[in-house]
Amino acid sequence: GAGTLGPVFRGHDTQRERLVAVKVFKLDLKPELTHVLVAGLERIASSGLAHPAIATPLAAGLTGGSAYLASDYIAADSMDLAVREFGALLPADAFQVGARLASALDHAVAAGFTHGCLHPRDVLMSARDARLTGIGVGPLLAEIGIAPPVRRPYSAPERLAGSAWDRRADIFRLAALVHELLWGRRISGVGARPGDSLPALPRGDLAAL
């Protein structure tokens, strides 16, 4: 597959005899910035981000002059494809996925990382699993002067305004993802009381939500 910053390849780790996903960053950087990027990716890979809901970063380095980050290979579709194919989840299932992702974000913060760019393509979903990818990459890119892409409607207001941000921006994005899982479409309500315009949920308690 390919993203806005470069392609993702499936590879084989011959030392551990397993498949890995390799994200290659196709960025036009000066060599010194490339080395800063690689060092940051190596910090992510060595940080102990092992969690049941995280595609664990494994290794980083340089290939063909481009930085790369290798992670666990997860045989699953991204959330946007899963929602497009199967539609909304039952509320209990949507909240189970949301709880897994929230736990992953908490684990990342404890290790010193935020996500910063959380989007449906960063969530890999199968029938019984949901895994988060891309932790720490957005803030690292910002460190070397590359603004992560603005992804409406998932970017928090402070990100859209170019203001300082912290882990609450990830919580905003997580809420937008859970909305998409519950209703099968992107969030559209804005303002102080967006809940007033939420449609009913099958087998869901809208007032409690």
Side-chain angles (χ1 to χ4, degrees), residues 1-47 49-51 53-86 97 101 104-105 108 111 113-126 129-155 159 169-170 173-174 176-177 180 186:
T4 55
L5 300 173
V8 179
F9 300 96
R10 184 173 63 181
H12 184 247
D13 181 349
T14 56
Q15 290 185 329
R16 299 177 181 84
E17 290 298 322
R18 61 179 173 182
L19 291 174
V20 294
V22 182
K23 172 72 173 179
V24 179
F25 294 84
K26 295 290 187 181
L27 303 170
D28 185 17
L29 296 175
K30 295 179 179 179
E32 57 269 27
L33 287 181
T34 298
H35 288 292
V36 172
L37 176 59
V38 170
L41 294 173
E42 288 174 340
R43 286 196 304 272
I44 294 172
S46 63
S47 62
L49 280 174
H51 185 277
I54 294 176
T56 308
L58 301 170
L62 275 172
T63 179
S66 296
Y68 72 84
L69 177 66
S71 305
D72 277 339
Y73 176 78
I74 309 299
D77 288 328
S78 59
M79 188 188 122
D80 55 331
L81 295 178
V83 170
R84 192 181 310 158
E85 182 172 358
F86 300 109
V97 172
L101 299 179
L105 291 170
F113 297 95
T114 53
H115 194 293
C117 299
L118 189 57
H119 182 274
R121 286 192 290 275
D122 297 311
V123 179
L124 301 176
M125 292 181 62
S126 60
D129 199 8
R131 300 283 190 100
L132 192 56
T133 67
I135 289 173
V137 173
L140 176 58
L141 292 174
E143 281 181 30
I144 62 174
I146 297 176
V150 172
R151 292 168 158 176
R152 298 175 185 272
Y154 309 101
S155 293
R159 297 301 306 273
D170 284 343
R173 287 172 179 266
L174 177 61
L177 295 188
E180 202 157 326
R186 294 181 175 187

With the side chain counted from C-beta on, respond yes when [X] and [Y] share a heavy-atom pair under 4.5 Å apart, and no when they do not.
{"X": "Leu141", "Y": "Leu27", "answer": "yes"}
{"X": "Leu140", "Y": "Leu37", "answer": "yes"}
{"X": "Val38", "Y": "His35", "answer": "no"}

Please give me the minimum heavy-atom distance between [X] and [Y], naming the atom from each residue.
{"X": "Pro153", "Y": "Arg186", "value": "CD-CD, 3.8 Å"}
{"X": "Ser47", "Y": "Ala111", "value": "O-CB, 4.3 Å"}
{"X": "Ala108", "Y": "Leu49", "value": "CA-CD2, 3.8 Å"}
{"X": "Pro7", "Y": "Lys26", "value": "CD-CG, 3.6 Å"}
{"X": "His119", "Y": "Leu177", "value": "C-CD2, 4.1 Å"}

Where the side chain of [X] meets the backbone of [Y], is there a donor-acceptor pair that is under 3.5 Å apart?
{"X": "Arg10", "Y": "Leu19", "result": "no"}
{"X": "His115", "Y": "Thr133", "result": "yes"}
{"X": "Arg159", "Y": "Gly116", "result": "yes"}

(message) Test salt bridge (Lys or Arg N to Asp or Glu O under 4.0 Å) on Arg173 and Asp122; report intermediate values, then the result.
(response) CA-CA 11 Å; Arg173 287 172 179 266; Asp122 297 311; over 6 Å; no
Measure the spacing between [atom1] of [X] and [atom2] of [Y] and express it to the nearest 0.5 Å.
{"X": "Thr34", "Y": "Asp28", "atom1": "OG1", "atom2": "CG", "result": "9.0 Å"}
{"X": "Leu105", "Y": "Phe113", "atom1": "CG", "atom2": "CZ", "result": "13.5 Å"}
{"X": "Ile144", "Y": "Leu29", "atom1": "CD1", "atom2": "CG", "result": "5.0 Å"}

(request) For Asp170, enumerate each residue passing the salt bridge (Lys or Arg N to Asp or Glu O under 4.0 Å) test, keeping only those at least two apart in sequence or located in another chain. (result)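 For Asp170, no residue satisfies salt bridge (Lys or Arg N to Asp or Glu O under 4.0 Å) once neighbours in sequence are set aside.
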(message) Could you walk me through whether Arg18 and Leu58 satisfy the side-chain contact (heavy atoms from CB on, under 4.5 Å) test, starting with their C-alpha distance in whole Å, then the side-chain angles of each, then the deciding distance to 0.1 Å, before giving a yes or no?
(response) CA-CA 12 Å; Arg18 61 179 173 182; Leu58 301 170; 3.3 Å; yes
Taking only distance into account, with no hydrogens and no angle test, what donor-acceptor pairs under 3.5 Å do side-chain atoms of residues 61-80 form with protein atoms, sequence neighbours excluded?
unit_1: Asp72; atom_1: OD2; unit_2: Thr56; atom_2: OG1; d: 3.3
unit_1: Ser78; atom_1: OG; unit_2: Asp80; atom_2: OD1; d: 2.4

